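Okay, so here's the structure we're looking at.
Here the structure is a predicted model, which is why all the values come from computation and not from measurement.
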Amino acid sequence: MTVKRTYLDHNASAPLRPEARAAMLAALEVAGNPSSVHAEGRRARAFIEDAREQVAALVNARPSEIVFTSGATEANNWAVTAGWDTVLVAGIEHDSVLAPVAFSTIRTIELGVSPSGAIPADRVAEAVQAGAGRLGRALVSVQLANNETGVLQPVAEIAALARSHGLHVHTDAVQAAGRIAVDFAALGVDLMSLSSHKLGGPKGLGALVIRDGLDLPAALRGGGQERRRRAGTENVAAIAGFGAAAAAAARDLERAPRLRELRDRLETGVARLTPEAVVIGAGAPRLANTSCIALPGTAAATTVIKMDLAGVAIGAGSACSSGKLGVSHVLAAMGVAPTLADAAVRVSLGWNSEERDVSAFLQAWDALRRGLRSNETPAASPARAGQATLMTAGE
Ligand code: PMP
């Protein structure tokens, strides 16, 4: 019997939206190279320019500020290594921000993180003042929302402060775009990274938003594509899919309160079934779709595997790129105790989540809890406990 699947791992990758699929199929039919002047080429170009407008509209940027990339990993790598002498960054950033800086000769200044997961703007002020006059061409990189906890950062405040000291600002808006209103112009940042597959577009496509007028070295050199900023024949179908997903996500922004209700129902259910569970980051402003839950004493890997067997897909640690199950550097940077961090799983809803997904999650969580409890009771047979879980899985 096949188990009906419940997908609650949108922060790792969201299911493809029908609008994105339709746009991609239409674009795949076009033979032309978007750089060619003939009709076929112009048709391919039109897909790209339409998508550029749709992505720009999602984040209130100008179309001329959008450069398509192979994903947010590329956008982040490009942004943080683009000729800076110093990069100021906190330990909660995605690996695609931290690793390229760590593997370069760029001087790094670490920004502190409060236990709630937020980067206090005054810590940035302290760091900037401490380094005053010695930073050279400097960048502050602060994410808008965290992929593991959903915690939001005061990017506008940090950007105003950084710019008043002559620093440039990058924000990784991968998890925020399409989930909260994101305004590139109002945030006052110079650079912003976006990813298509987090908002229901295809995987392997993203964008770096580059403030008009900012002088940034090209990501790739060769042909003159993307205004000479990123050479290479464009992935037209994926770009079209990203554009359609961005337009749909912009339209769906009004669904955020509904997602919050679903998430709150999920967290209330978890608290009722397992009062010992801790929601990490619950005390800070956070995305309406994300819940980082630790069940003390149960390894995240165990929870993820048991929930998976019961038909429910959730994430563990920063599992969004490799499915790895390991210690989360994000939770470590927040000062979460290792025993709690080891137990943390991530539940993330999205554009197609519904009431019944939360019900299925809670049913599986209840079976998990009963299995764990009976494992703890010496009188209970572990085999029977396992059976109970799998029976629920088959329902
Ligand atoms: N930044 C954040 C916050 C992310 O969650 C991810 C995806 N795991 C990335 C960057 C990388 O995005 P992509 O998968 O498009 O390379």
| Under a 4.5 Å cut-off applied to non-hydrogen side-chain atoms, are Gln225 and Thr233 in contact? | yes
| message | Could you check whether Arg123 pairs with Glu126 (Lys NZ or Arg NE/NH1/NH2 to Asp/Glu carboxylate O, under 4.0 Å)? | response | no
| Residue from Ile293, Val347, Val279 passing side-chain contact (heavy atoms from CB on, under 4.5 Å) with Val270 | Ile293
| Within-4.5 Å side-chain heavy-atom neighbours: Gln143 and Gln175 | no
Would you mind writing out the side-chain donor-acceptor pairs for residues 108-121 within the sub-3.5 Å range, not counting sequence neighbours?
residue, atom, partner, partner atom, Å
Ser114, OG, Ser116, N, 3.4
Ser114, OG, Ser116, OG, 2.9
Ser114, OG, Ala118, N, 3.4
Ser114, OG, Ala118, O, 3.2

| task | Give a yes or no on whether a salt bridge exists between Glu267 and Arg286, defined as a side-chain N under 4.0 angstrom from a carboxylate O. | result | yes
| task | Answer yes or no: is there an ion pair linking Arg43 with Glu40, defined by an N-O contact shorter than 4.0 Å? | result | no
| said: Quick test of your reading: applying ring pair (Phe, Tyr, Trp, His ring centres under 6.0 Å), list the pairs with at least one residue in residues 105-135, sequence neighbours left out, ordered by first then second residue. | reply: none
| query | Considering only heavy atoms from C-beta outward, does the side chain of Val189 approach that of Arg211 to under 4.5 Å? | reply | no
| said: Under 4.0 Å between a side-chain nitrogen and a carboxylate oxygen: does that hold for Arg255 and Asp252? | reply: no
| Less than 4.0 Å between a side-chain N and a carboxylate O, is that true for Arg227 and Glu65? | no
| query | Are Asp264 and Arg260 within salt-bridge range, i.e. N to O under 4.0 Å? | reply | no
| field | Sidechain N-carboxylate O distance under 4.0 Å for Asp50, Arg45 | value | no
Would you give me the side-chain donor-acceptor pairs under 3.5 Å for residues 26-36, sequence neighbours excluded?
residue, atom, partner, partner atom, Å
Asn33, OD1, Ser35, N, 2.9
Ser36, OG, Asn33, O, 3.4

| message | If the threshold is 4.0 Å, N to carboxylate O, is there a salt bridge linking Glu354 and Arg356? | response | yes
| message | Using a strict threshold of under 4.0 Å (side-chain N to carboxylate O), is an ion pair present between Asp85 and Arg137? | response | no
